[in-house]
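Structure, as structure tokens:
Residue numbers start from 1 in every chain, and the chains themselves are labelled A, B, ... in the order their sequence lines are given, proteins ahead of strands.
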Amino acid sequence: MRIASYNINGIKARLPRLLEWLEETRPHVACLQEIKTQDEGFPASEFEKLGYGAIWHGQKGFNGVAILARDAQPVEVQRGLEGEPEDEHSRYLEADVHGLRVACIYLPNGNPQPGPKFDYKLRWMERLRKRAAQILAEEVPAVLAGDYNVIPRDNDVYSVRAMASDALMQPESRAAYRRILADGWTDAIGTLRPGGGVWTYWDYQAGAWQRDHGFRIDHLLLNPSAADRLSAIGVDKDHRGREKASDHAPTWVELRD
DNA sequence: ATGCCGCCAGAGTGGCGA
């Protein structure tokens with residue numbers, strides 16, 4: 001079973017590319033981030049035509065997450081994270097589907113740092129950690145998939161120096177990420193590719209794609225029962241190189257049945 | 001040092017977020 005995470009950077013602008021990717025790769029579950037649409041604008045019928053059920057948590061203009069499932073309807077468990085009732089960003093959606101608990105995550109970027117956006121990022125990570133701990137206690141196979149906006153290690157970025165002051169690789173961001181892992185989550189790609197060099201994002205600017213100036217910020221975290229079933233990981237890198245592509249590439253894990 | 005892109009308001013372009 002393949003579970004993919006894909007920051008699509010606008011579902012309206014990306015729809016042909018997204019449908020093409022679904023048809024070509026047929027993931028069992030696809031977690032989408034940055035759909036950038038209100039709930040009314042979500043093109044559920046387009047996914048239905050391809051045999052995908054969906055749930056979504058939209059927002060006007062930016063953010064927004066969705067979970068698609070092949071030949072199944074995800075059963076929503078939670079939307080949003082507890083801890084800040086005034087936080088209206090649509091960044092978290094959780095469902096049961098295909099015998100798994102799946103969370104779709106769009107973690108705050110946090111730039112510029114230092115500043116209120118960075119503080120929000122760190123608070124959001126602690127709120128996520130609390131929810132993740134509750135999921136661990138349920139002991140169902142679980143995957144936390146999304147755009148974490150965290151570069152976990154120095155070998156997950158094309159240039160440490162170029163990104164040194166970025167919120168994505170500040171020590172505080174990395175420490176918060178490591179705390180989640182230390183609770184019992186396995187970073188699937190980090191674990192199967194300890195040497196690094198796997199990118200999931202290439203900026204639109206500065207010819208980053210052509211120069212292969214990328215980094216790894218899209219992660220799939222597995223609880224122990226899911227990690228026991230991990231058989232492969234991958235990045236659908238060729239989709240990043242197509243016309244009108246997202247700046248992220250689809251990133252996935254394969255779990256044994 | 002800079003290079004892009006999607007979305008919004010509101011009808012040009014500029015602002016925001018990334």
Checklist entry - How is A:Y106 classified with respect to the nucleic acid when contacts are heavy atoms under 4.0 Å: base, sugar-phosphate, or nothing? => result sugar-phosphate
Do any N or O atoms of the protein come closer than 3.5 Å to N or O atoms of nucleotides 5-10 of chain B, and which pairs are they?
residue : atom : partner : partner atom : Å
B:dG6   : OP1  : A:R14   : NH1          : 3.4
B:dG6   : OP1  : A:K244  : NZ           : 3.4
B:dA9   : OP1  : A:K60   : NZ           : 2.8

Next on the checklist: Could you tell me how far apart A:H248 (NE2) and B:dG17 (C1') are, to the nearest whole angstrom?
Outcome noted: 12 Å
Checklist entry - When the aromatic ring centroids of A:Y92 and A:H57 are compared, is their separation below 6.0 Å? => result no
Item to check | Whole-Å gap separating C1' (B:dG17) and OH (A:Y120) | outcome: 13 Å
Checklist entry - Rounded to whole angstrom units, what separation is found between the CG atom of A:D203 and the C1' atom of B:dC4? => result 7 Å
Checklist entry - How far does the C1' atom of B:dG12 sit from the matching atom of B:dC8, given to the nearest Å? => result 14 Å
Item to check | Whole-Å P distance, B:dG6 and B:dT2 | outcome: 22 Å
Next on the checklist: Rounded to whole Å, how long is the line connecting atom CG of A:N63 with atom C1' of B:dC16?
Outcome noted: 12 Å
Next on the checklist: Roughly how many Å apart are B:dC16 and B:dG10, using the P atom of each and rounding to a whole number?
Outcome noted: 15 Å
Next on the checklist: Could you tell me how far B:dT13 sits from B:dA18 if I compare only their P atoms? Round to whole Å.
Outcome noted: 27 Å
Checklist entry - Can you tell me how far C1' in B:dG15 sits from the matching atom in B:dC4, rounded to whole Å? => result 16 Å
Checklist entry - Roughly, in whole Å, what's the span from CG in A:N7 to P in B:dC4? => result 20 Å
Checklist entry - CE/A:M163 to CG/A:D154 distance, rounded to the nearest 0.5 angstrom? => result 12.0 Å
Next on the checklist: In this structure, how many angstroms lie between the C1' atom of B:dG17 and the CZ atom of A:R91, rounded?
Outcome noted: 10 Å
Checklist entry - Which one of A:E46, A:K49, A:E24 satisfies the side chain to side chain contact (heavy atoms under 4.5 Å, CB included) criterion with A:L19? => result A:E46
Checklist entry - When the nearest nucleotide of DNA chain B is assigned to A:H89 and to A:R211 on a heavy-atom basis, which residue is associated with the more 5' position? => result A:R211
Item to check | Passing option when A:D156 is tested against A:R193, A:R216, A:H219, A:R174 for side-chain hydrogen bond (donor to acceptor under 3.5 Å, both in side chains) | outcome: A:R216
Next on the checklist: Roughly how many Å apart are B:dG3 and B:dG14, using the P atom of each and rounding to a whole number?
Outcome noted: 15 Å
Next on the checklist: Looking at A:E84 and A:R91, is there a salt bridge between them, counting it only when a charged N and a carboxylate O are closer than 4.0 Å?
Outcome noted: no
Next on the checklist: Tell me every residue that passes salt bridge (Lys or Arg N to Asp or Glu O under 4.0 Å) with A:D96, counting only those two or more places apart in sequence or in another chain.
Outcome noted: A:R101
Item to check | Spacing of A:N109 atom CG relative to B:dA18 atom P, expressed in whole Å | outcome: 5 Å
Checklist entry - For the residue pair A:Y120 and A:H89, is the inter-centroid distance of their aromatic rings smaller than 6.0 Å? => result yes
Checklist entry - Could you give the NZ-to-C1' distance, from A:K117 to B:dC16, as a whole number of Å? => result 7 Å
